[in-house]
Structure formats: structure tokens, C-alpha cells
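Everything numeric here is computed off the predicted structure, so don't read it as measured data.
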Amino acid sequence: MRSGELGIGRTGLALAALSAIAMCIISLLFRPVEIEPIEYGICLPSPDSWGFNHIWSWLVNTFLIALIALLLFLVNKTYNFVRTTEPVLVALFLVMASSGPWFTQELNTSVILCLANVVGLGIIFDTYDTGNATREMFILGVLIGMGSMVQYAFLPMAMVYILWALFMKVLRIKETLAYLAGIVCPYWIALGIGWLSFSDFHFPSLSPLYSYSRDHSEFIILLSAISLAIIVGFIVTFVNFIKLYAGNSKVNAMNLCVSVMGAACVVCILFDYDNMAAYVTTLYLATTVSIANICALWNPRESWLVTLLPSACYIALFVCSIVL
């Protein structure tokens with residue numbers, strides 16, 4: 001960065017963290033959204049059906065949001081795929097991830113899927129152009145297999161992870177076989193020890209977004225938040241691509257992994273309406289990376305606005321979800 005005082009610095013990060021904590025607490029106290037438990041697991045109950053005490057469920061979910069932010073920071077510190085010293089990446093993610101009561105009131109798939117994807121990014125980034133990535137691909141497969149047991153939203157990520165391996169130049173026959181074995185492994189073990197039977201398997205039907213028409217304010221606010229993330233993410237990703245394409249090939253590949261993940265979430269939201277919330281936190285993560293790259297690649301003079309403007313929008317949407 002040109003000058004530390006032009007960015008948000010530690011003060012901005014602290015304000016973002018405090019805002020996130022405040023929104024999570026307000027969501028707990030006011031509970032403006034009633035979440036109806038629906039079975040989305042292929043063979044096991046979904047997270048919202050695990051029957052945790054509400055306070056404990058909220059605490060675990062809040063901890064996981066903070067953990068995702070920490071892992072995002074560590075992954076970027078290790079692989080430097082967003083090349084800026086400004087804490088925009090973590091600050092903006094905390095605000096966006098905490099701005100929806102649908103994702104902060106209790107433990108939910110949206111946060112769990114995002115956590116798995118952050119872990120997956122850290123694993124796949126470590127394999128770039130290596131001679132053997134079978135262990136890493138097997139672990140990624142296990143993530144998908146275990147996750148899909150309790151939520152079929154993990155299944156679309158299976159194709160995303162294959163594309164990650166392609167971008168990281170490790171998509172070979174042995175890695176592909178290791179990945180497939182990893183996906184099958186949790187099911188194989190569960191069936192083998194008698195924990196599950198074939199009668200436990202089911203697959204919920206998909207309902208496209210455009211087949212519904214709702215006037216509920218909660219749905220309109222959620223759709224506004226999703227639309228904002230999609231529009232901003234698309235524009236910023238396109239603008240960033242100009243410089244990423246001409247830069248370091250590894251950095252370009254890592255950011256391409258994140259962009260494809262975000263694009264997959266958009267497609268899933270459009271064609272999996274009933275389960276659309278599962279993909280939103282991961283979409284926010286992808287959008288956050290794109291926005292943070294504005295600071296890294298274009299070095300704007302007033303870089304603090306890059307964080308302030310989207311943060312203000314999502315805090316405003318949060319307020320609307322409480323008031324309306």
C-alpha cells in the first residue's frame with residue numbers, strides 16, 4: 001500500500017470485528033427469523049436438526065465464523081493470493097458473514113460449508129505444480145463425502161474441487177482416483193460398520209429460484225444481500241482479471257479457484273432455491289476476496305472506502321432485517 005493511513009488498519013479491523021459481534025448478539029436476542037428445520041442430508045440429519053441448545057448452537061456458530069476469518073487470514077498469509085497488508089479481507093468477511101440473522105442465530109450449513117471450503121483452499125494451494133498430490137486430493141474427497149452426508153450442498157463443491165486441481169496443475173489419474181476414493185470412504189465405512197443402511201439414503205428435490213414469488217420482507221432482504229454480493233463480485237472480479245491475468249501465474253490460479261467457487265454458489269442459488277442459504281456464506285467469502293484484490297492490484301487512493309461502502313450496505317441490510 002502507498003500509505004498505511006489511507007487504509008483501514010488495525011482500527012478498522014477492530015471496528016469490523018466489534019460490528020460483527022454486535023450483529024451476532026442482536027440476532028440472538030431478537031431472533032427475527034424463524035428457521036424451519038428441513039432434512040437436507042443424504043443419509044444423516046442436517047445441522048439445523050441436530051437439536052443443540054439454542055445458546056450453545058449460537059456460540060458454536062459464532063466461533064466458526066471467527067475461525068473462518070482466522071483461517072482466511074492464515075491461508076492468505078501463507079500463500080499471499082491477495083497481495084496487500086491491509087486487513088480488508090478479514091474485516092469485510094466478518095461484517096458480511098455476520099450481517100444475516102439467517103446465518104448467525106444458530107449452527108447452520110452455510111457456515112459449515114464455508115469452513116470446509118476455506119480448509120479446502122488451504123489444502124489445494126499447497127499442491128501447486130507438485131509431482132504428487134494424492135494425499136491432499138484424498139483429504140478433499142473426504143471433506144466432500146462427510147459433508148454431503150449431512151447436507152447435499154457439499155456435492156456441487158465436488159466439481160469445484162476438481163477444477164481446483166486442474167488450476168493447480170495436479171489433476172492426474174492418480175489424484176483423481178484418490179479424490180474419488182476420499183468421497184466414497186465415509187459412506188463405505190458407515191455402511192460397513194452398520195451405522196447406515198441403504199434405506200437411510202435420500203435426495204431432496206431441487207426447486208429453482210425463479211419458480212417462486214414471495215412478498216415476505218425477510219426473503220426480499222436476503223435476496224437483496226445475495227444480489228449485491230453477486231453483482232459486486234462479478235464486476236470486481238472482471239476488473240481484477242485484467243491485472244491478475246498479466247501477473248504471477250500461481251497467484252492467478254489461486255484467485256481463479258476462489259472465483260470458480262463463487263460462480264458455483266451463484267448457480268446453486270438459482271437452481272436450488274429451497275436450500276439457497278447453504279451457499280451464501282461461501283459466496284460472501286468469494287466476493288470478499290475479489291474486493292480485497294482491489295486494494296492489492298489497483299492501490300486506490302482512498303482504500304478505506306473499499307471496505308466501508310460494502311460494510312455499510314450489509315450493516316444497513318442487517319438493520320432492515322431486524323426492524324422490518
### Message
If you count every heavy atom of other residues, nucleotides or ligands that lies below 6.0 Å from Tyr187 atom OH, does the total exceed 12?
### Response
yes
### Task
Please list, chain by chain and in numerical order, all residues satisfying ring-ring contact (aromatic ring centres under 6.0 Å, His included) with Tyr314, sequence neighbours excluded.
Tyr284
### Summary
Residue set satisfying ring-ring contact (aromatic ring centres under 6.0 Å, His included) with Tyr179, at least two apart, ordered chain then number -> none
### Query
Which value, rounded to the nearest 0.5 Å, describes the distance between Ile294 atom CD1 and Leu305 atom CG?
12.5 Å
### Query
Shortest non-hydrogen contact from Pro186 to Met149?
O-CE, 3.2 Å
### Donor-acceptor pair between Asn293 and Asn255 side chains, under 3.5 angstrom
yes
### Message
Run the ring-ring contact (aromatic ring centres under 6.0 Å, His included) test against Phe73 and tell me which residues pass, sequence neighbours left out.
### Response
none
### Message
Is it true that, when you exclude Tyr245 itself, more than 12 heavy atoms of the residues, nucleotides or ligands shown sit nearer than 6.0 Å to its OH?
### Response
no
### Message
Heavy-atom count check: over 12 atoms from other residues, nucleotides or ligands less than 6.0 Å from Trp56 CH2?
### Response
no
### Query
Can any side-chain N or O of Ser57 pair as donor or acceptor with the backbone N or O of His54 at less than 3.5 Å?
no
### Message
Show the nearest heavy-atom pair for residues Asn132 and Arg172, with the distance to one decimal.
### Response
N-NH2, 3.6 Å
### Query
What closest approach, in Å, do Phe125 and Val258 show between heavy atoms, and which atom pair accounts for it?
CZ-CG2, 4.5 Å
### Sequence neighbours excluded - side-chain hydrogen bond (donor to acceptor under 3.5 Å, both in side chains) pairs with any residue from residues 62-83
Tyr79-Asp126
### Greater than 12 external heavy atoms within 6.0 Å of Ile173's CD1
no
#### Entry: Min side-chain heavy-atom separation Cys114-Thr282 under 4.5 Å
yes
### Summary
Between the OH atom in Tyr40 and the CG atom in Asp274, the distance rounded to the nearest 0.5 Å is 5.0 Å
### Query
For the atom pair CD1 (Ile139) and SG (Cys185), what is the distance rounded to the nearest 0.5 Å?
11.5 Å
### Task
Supply the atom-to-atom distance Leu115 CG to Leu67 CG, rounded to the nearest 0.5 angstrom.
5.5 Å
### Task
Please check if the side chain of Asn240 supplies one atom and the backbone of Val236 the other of a donor-acceptor pair under 3.5 Å.
yes
### Query
Say you draw a straight line from CD1 of Ile21 to OG1 of Thr104; how long is it, rounded to the nearest 0.5 Å?
13.0 Å
### Query
Are any of the side-chain heavy atoms of Ser99 and Leu317 separated by less than 4.5 Å?
no
### Message
For Phe238, give me all partners under ring-ring contact (aromatic ring centres under 6.0 Å, His included), at least two apart in sequence or on another chain.
### Response
none
### Query
Which pairs, with at least one residue in residues 155-170 and sequence neighbours excluded, count as a side-chain hydrogen bond (donor to acceptor under 3.5 Å, both in side chains)?
Asn117-Tyr161, Tyr128-Lys169
### Message
Looking at every non-hydrogen atom in both residues, tell me the closest pair between Ile8 and Glu86 and how far apart they are.
### Response
N-OE1, 2.6 Å
